[in-house]
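Taking it in order: structure first as structure tokens, then the write-up.
In listed order, ligands and their atoms are each counted from 1.
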Amino acid sequence: MTPLAVLAIGGSDSSGGSGLQADVKVFAAMRLYGATVATSVTAQNTRGVQDVFELPGNVVSAQLSAVLEDLPIKAVKVGMLATAEAAAAVTAKARAGVLPNLVVDPVLEAAAGRRRGVVSALERLLPFAAVATPNRDEASALVGWQVSTPADMAGAAAQIASNGPKYVVVTGGDMVAGDEAVDAVWTDAGARFLRYPRVQTRNNRGTGCTFSAAITSRLAQGDDVLEALVAAKEYVTRSLVGARDWDLGNGSGPLNHFDWPTFAAFSA
Ligand SMILES: Nc1ncnc2c1ncn2[C@@H]1O[C@H](COP(=O)(O)OP(=O)(O)OP(=O)(O)O)[C@@H](O)[C@H]1O
Ligand SMILES: Cc1ncc(CO)c(N)n1
């Protein structure tokens with residue numbers, strides 16, 4: 001049977017733990033056919049991002065057109081945009097109505113000197129998104145104030161939703177206090193929280209990419225947004241559990257996207 005096709009737009013991660021490589025692993029785990037549009041090539045490993053090589057806007061546009069003119073894409077995920085030009089190329093396609101079920105993970109890691117330009121370009125893309133998934137740092141950049149507590153996260157999600165995306169999830173993976181990993185979700189019926197057990201592990205590279213790619217996958221498969229969010233939260237938690245004992249690299253190691261112990265194994 002022909003698989004459903006999905007598209008990830010973002011940066012290549014040389015170490016394979018995040019970015020487009022993580023996205024394609026999630027799509028494969030979900031039995032989807034994944035296409036990719038690269039906005040940048042990063043030199044990074046489990047210790048962090050060493051360098052980002054941005055691709056010109058016309059190279060991003062050409063890849064987008066090549067994929068979208070040919071493949072029946074059912075859902076699209078946007079990760080690292082790297083430059084305002086890349087963001088504009090994506091926004092042009094969104095405006096043309098050819099990016100269905102659009103999930104935007106507004107990655108700002110390594111945007112460095114370009115941060116402000118990328119943030120304004122993201123603001124133009126967000127109205128076309130079905131879901132946006134900033135972490136606390138990215139949410140702070142989008143709303144213009146420091147997002148710290150769960151109440152702040154809910155407030156920021158509401159503020160970002162006022163610029164278009166119907167659903168906004170502010171993720172709290174970096175909040176180390178407590179035994180839960182808490183995300184704040186703005187829905188058209190108000191704020192709610194996703195709370196799952198926090199996995200104690202140093203192997204947490206690519207959690208954000210994995211979460212947003214899993215949401216995209218489930219939207220392609222026909223879930224409504226809230227179902228997709230819950231399924232993605234469960235998937236990222238299991239992927240963290242599955243890699244807890246892995247020893248890949250000296251920093252924050254990658255997740256296990258494919259086979260995990262049973263869910264009970266980490267709640268016990
Ligand atoms: N140790 C953990 N245990 C359980 N869930 C986690 C853990 N770390 C992150 N998560 C979950 O992973 C998802 C992604 O959130 P996170 O805040 O880590 O994204 P991010 O900061 O964008 O990630 P990235 O490092 O890829 O940029 C959220 O649902 C978050 O709660
Ligand atoms: C390419 C890429 N995309 C996203 C992230 C965020 O985790 C990263 N570190 N690298």
Report task. Pick one of side chain, backbone, both or neither for how C209 approaches ligand 2, counting any non-hydrogen atom pair under 4.0 Å. Result ->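 Within the 4.0 Å criterion, C209 contacts ligand 2 through side-chain atoms alone.
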
Under 3.5 Å, is there a donor-acceptor pair between the side chain of [X] and the main chain of [Y]?
X	Y	answer
S140	V147	yes
T201	N203	yes
R136	S148	yes
S14	Q44	yes
T46	N250	yes
K74	G222	no

Could you find the nearest protein heavy atom to [atom] and give me its residue, atom name and distance?
atom	result
atom 3 (N) of ligand 2	G19 CA, 3.6 Å
atom 26 (O) of ligand 1	G208 N, 2.9 Å
atom 8 (C) of ligand 2	S18 OG, 3.3 Å
atom 21 (O) of ligand 1	N135 ND2, 2.9 Å
atom 7 (O) of ligand 2	E109 OE1, 3.6 Å

Is a side-chain donor-acceptor pair under 3.5 Å present for [Y] with [X]?
X	Y	result
Q159	W186	no
N58	S61	no
E54	T39	no
S65	K93	yes

**Report entry** Pair D183 + R198: basic N to acidic O under 4.0 Å
**Finding:** no

**Report entry** Min N/O separation Q44 to ligand 2 under 3.5 Å
**Finding:** yes

May I ask whether [X] has any heavy atom positioned less than 4.0 angstrom from an atom of ligand 1?
X	result
V236	yes
P197	yes
G206	yes

So, is [X] polar-close to ligand 1, with some N/O to N/O distance under 3.5 Å?
X	value
K233	yes
G173	yes
D183	yes

Which of the numbered atoms in ligand 1 are under 4.0 angstrom from any heavy atom belonging to [X]?
X	value
R198	1 (N), 2 (C), 3 (N), 4 (C)
C209	26 (O)
A181	4 (C), 5 (N), 6 (C), 31 (O)

Option set [options], criterion heavy-atom distance to [atom], minimum:
atom	options	result
atom 17 (O) of ligand 1	T171, D174, N204	T171
atom 1 (C) of ligand 2	S14, G79, G11, A8	G11
atom 7 (C) of ligand 1	L240, V199, T133, T207	L240

Query raised in the report: Does the side chain of E85 come within less than 4.5 Å of V60's, by heavy atoms?
Result: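 No; the side chains remain at least 4.5 Å from each other.
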
